[in-house]
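Structure first, then comments.
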Amino acid sequence: MVRCSCVFFRKYGNFIDNLRLFTRGGSGGMGYPRLGGEGGKGGDVWVVAHKKMTLKQLKDKYPQKRFVAGEGANSRVNALKGSKGKDCEIPVPVGISVTDENGKIIGELNKEKDRILVAEGGLGGKFFTNFLPLKGQKRIIHLDLKLIADVGLVGFPNAGKSSLLSQISHAKPAIADYAFTTLKPELGKIMYKDFKQILVADLPGLIEGAHVNKGMGHKFLKHIERTTQLLFVVDVSGFQLSSRTQYRTAFETIILLTKELELYNEELQAKPALLAVNKMDLPDAQNKFHQLMNQLQNPKDFLHLFEKNMIPERIMEFEHIIPISAITGEGIDELKNCIRKSLNQENDAYHKKQLLNLQISNTSHREPLFQNALASSRMDTI
């Protein structure tokens, strides 16, 4: 396979979530053998997170996708210690994972101003290099965007995720009566009366086989890894991608969504999850909802309806199940309250765990001190 310093990116509309870049640290400066002078170190290449940056902006601003740091200054009579070369900074959005050409993770940028060193500058010439400078590190890196959100919407195409996002937030995603309305991640904020804000991500729709990258497969699944909790959205009447594919009931949809998450990364099933049963404004929706609730309360009684390879190892348990209509607004307020309640519980559990770890840590540090003090007091009495 031929490797070059060109850029590779996956594009959906104007949205880019992956870039391949060439980076090289600056070469060091020449040493000064006669006076023992040291050349300056070459500049380093850093990847730095900025909130208002996108990968498309990066691609447009730097079309060559080559990032090379400055060279270190040579040692000379009036400056025996050469100055360091100028660093090169690559501005990227928050939520970037940086990997090398072999797929090894170099680091992640999860908040504003996070920075990762990706190509180090070469040493300047000095005594142990025979005063000859070293070249900077050369590296091809991949920038992979994974959105960071409180809630990630999970559902097959046409479940009503885009309509739901527009109901619960100020986002204005594309909404239409065809599969794959969402071609790129859409973010919206739920605004509460006390000014609390919760970030919700509507991600490209899953289909059966997404774990092997069918449809938008990994395009969707990689983004959901960075959400705090999942909100499953299913059509109460079931789902059928096209006339050539099999019809699935709402219960079957949930089982298949769970299986896709498991096959991609079973850790996703450990995330807290809620279920929004959408399109309750349709005829016979109440009967279908009661049937779904019965199936969810006794899921093992219905697993014989599935092929063995479609059954997940662990059935998803939902903290809240809310019937809604993204069209009429039915159940939307209750859903927003449940989302907040669930996130608060998750935060409380996290803080309790941190406090417990701190207490255990403090206890383990105190015990030796107590034992030493006890031993010392016994020695004093002898």
Hey, does the side chain of D60 reach the backbone of Q57 with a donor-acceptor pair shorter than 3.5 angstrom?
no
In the structure I gave you, are the side-chain heavy atoms of E262 and E313 within less than 4.5 Å of one another anywhere?
yes
How close do C88 and A69 get, counting heavy atoms only, and between which atoms?
CB-CA, 3.9 Å
So with a 6.0 Å cut-off around CD of E112, is the heavy-atom count from everything else above 12?
yes
Would you mind listing every salt bridge (charged side-chain N to carboxylate O under 4.0 Å, His left out) that reaches into residues 285-295, with sequence neighbours excluded?
none
Where S166 and S163 come nearest, the two heavy atoms and their spacing
OG-O, 2.7 Å
According to salt bridge (charged side-chain N to carboxylate O under 4.0 Å, His left out), does anything in residues 319-334 pair up with another residue at least two apart or in another chain? List the pairs.
none
Using only atom types and a distance under 3.5 Å, with no angle test, would you say the side chain of T129 pairs donor to acceptor with the backbone of G125?
no
Would you say V233 ends up clustered with I327 if hydrophobic residues are merged whenever their side chains have heavy atoms under 4.5 Å apart, either directly or through other cluster members?
no
Walk me through whether D144 and S97 qualify under side-chain hydrogen bond (donor to acceptor under 3.5 Å, both in side chains).
CA-CA 5 Å; D144 198 36; S97 175; 5.6 Å; no
List the steps, then state whether side chain to side chain contact (heavy atoms under 4.5 Å, CB included) holds for I90 with L21.
CA-CA 10 Å; I90 306 173; L21 310 177; 4.1 Å; yes
Just how far is it from atom CD of E252 to atom CG of L257, taken to the nearest 0.5 Å?
12.0 Å
Using 30° and 60° as the class boundaries, would you call the ring planes of F156 and F239 parallel, tilted or perpendicular?
parallel
My understanding is that only residues two or more places apart in sequence, or in another chain, count here; which of them pass ring-ring contact (aromatic ring centres under 6.0 Å, His included) with Y62?
F67
Does one hydrophobic cluster hold both M310 and Y264, with members joined at side-chain heavy-atom distances below 4.5 Å?
yes
Salt bridge (charged side-chain N to carboxylate O under 4.0 Å, His left out) filter on E89, not counting sequence neighbours, yields R115
Taking N265 for its side chain and L261 for its backbone only, find out whether a donor-acceptor pair lies under 3.5 Å.
no
Could you pull out the closest heavy-atom pair between V94 and N110, with the gap in Å?
CG1-O, 3.3 Å
Ignoring hydrogens and geometry, is there a side-chain-to-backbone donor-acceptor pair from S75 to L80 under 3.5 Å?
yes
I255 and I315, any side-chain heavy atoms less than 4.5 Å apart
yes
Please examine the side chains of T99 and I106, heavy atoms only from C-beta on, and report whether any two atoms are closer than 4.5 Å.
no
Do Y192 and L231 share a hydrophobic cluster (ILVMFWY, side-chain heavy atoms under 4.5 Å, transitive)?
yes
Will you find, in the side chains of R76 and N74, an N or O donor that is under 3.5 Å from an N or O acceptor?
no
Could you go through residues 268-286 and list every donor-acceptor pair under 3.5 Å that involves a side-chain atom there, pairing it with any protein atom two or more places apart or in another chain?
from: Q269; atom 1: NE2; to: R314; atom 2: O; distance (Å): 2.9
from: K271; atom 1: NZ; to: E225; atom 2: O; distance (Å): 3.3
from: K271; atom 1: NZ; to: T227; atom 2: O; distance (Å): 2.4
from: N278; atom 1: OD1; to: A326; atom 2: N; distance (Å): 3.0
from: N278; atom 1: ND2; to: A159; atom 2: O; distance (Å): 3.0
from: K279; atom 1: NZ; to: N158; atom 2: O; distance (Å): 2.9
from: K279; atom 1: NZ; to: D235; atom 2: OD2; distance (Å): 3.2
from: D281; atom 1: OD1; to: S325; atom 2: OG; distance (Å): 2.8
from: D284; atom 1: OD1; to: N287; atom 2: ND2; distance (Å): 2.6

For L123, what are the other residues in its hydrophobic cluster, where any two members join if their side-chain heavy atoms are less than 4.5 angstrom apart?
F128, L134
Among R139, R20, K138, which residue meets the salt bridge (Lys or Arg N to Asp or Glu O under 4.0 Å) test with E101?
R20
Can you pull out every ring-ring contact (aromatic ring centres under 6.0 Å, His included) where at least one residue sits in residues 72-121? Sequence neighbours excluded, please.
none
Remaining members of the apolar cluster that contains M30, side-chain heavy atoms under 4.5 Å
L132
Chi angles and distances behind the side chain to side chain contact (heavy atoms under 4.5 Å, CB included) call for H142, V98:
CA-CA 6 Å; H142 291 263; V98 184; over 6 Å; no
Is there a continuous path of hydrophobic side-chain contacts, each under 4.5 Å between heavy atoms, that joins M316 to F306?
yes
With side chain to side chain contact (heavy atoms under 4.5 Å, CB included) as the test, would you mind laying out the steps for Q137 and R24 before giving the verdict?
CA-CA 6 Å; Q137 181 184 15; R24 188 177 70 211; over 6 Å; no
Heavy-atom closest pair, residues G107 and I116:
C-CD1, 3.3 Å
Nearest heavy-atom pair of I321 and F318: which atoms, and what distance?
CG1-CB, 4.0 Å
Please list, one pair per line, the donor and acceptor atoms closer than 3.5 Å that link side chains of residues 35-52 to other protein atoms, with sequence neighbours excluded.
from: E38; atom 1: OE1; to: K81; atom 2: NZ; distance (Å): 3.1
from: K41; atom 1: NZ; to: D44; atom 2: OD1; distance (Å): 2.7
from: D44; atom 1: OD1; to: G121; atom 2: N; distance (Å): 2.7

Identify whether Y247 and L292 are in the same connected component of the hydrophobic contact network (ILVMFWY, side-chain heavy atoms under 4.5 Å).
no
Measuring only between side-chain heavy atoms, which start at C-beta, is K259 closer than 4.5 Å to L263?
yes
Would a distance-only check, ignoring hydrogens and angles, find a side-chain to backbone donor-acceptor pair under 3.5 Å from D100 to N102?
yes
Can any side-chain N or O of S342 pair as donor or acceptor with the backbone N or O of I339 at less than 3.5 Å?
no
Indicate yes or no: at least one non-hydrogen side-chain atom of I254 is less than 4.5 angstrom from one of L296.
yes
Report the residues that fulfil side-chain hydrogen bond (donor to acceptor under 3.5 Å, both in side chains) with Q197, sequence neighbours left out, ordered by chain and then residue number.
K189
Output, in order, the C-alpha distance, side-chain angles, deciding distance and verdict of side chain to side chain contact (heavy atoms under 4.5 Å, CB included) for K111 and K113.
CA-CA 6 Å; K111 62 181 185 297; K113 299 301 181 186; over 6 Å; no
Is there a donor-acceptor contact under 3.5 Å from the side chain of Q297 to the main chain of N294?
no
Residues passing the ring-ring contact (aromatic ring centres under 6.0 Å, His included) test with F131, sequence neighbours excluded, are none
Measuring only between side-chain heavy atoms, which start at C-beta, is F22 closer than 4.5 Å to K65?
no
To the nearest 0.5 Å, what is the distance between CD1 (I190) and CG (D150)?
8.5 Å
Would you indicate whether the side-chain heavy atoms of I168 and K336 approach each other to under 4.5 Å?
yes
Any residue meeting side-chain contact (heavy atoms from CB on, under 4.5 Å) with L55, in chain and number order, not counting sequence neighbours
I16, L19, L58, P93, I96, L143, L145
Show the nearest heavy-atom pair for residues Q167 and T328, with the distance to one decimal.
NE2-C, 4.4 Å
Any donor and acceptor pair, going by atom type alone, linking the side chain of N298 with main-chain N or O of D301 inside 3.5 Å?
no
Do L199 and V151 come close enough that some side-chain heavy atom pair is under 4.5 Å?
no
Under a 4.0 Å N-O cut-off, is there an ion pair linking E71 with K135?
no
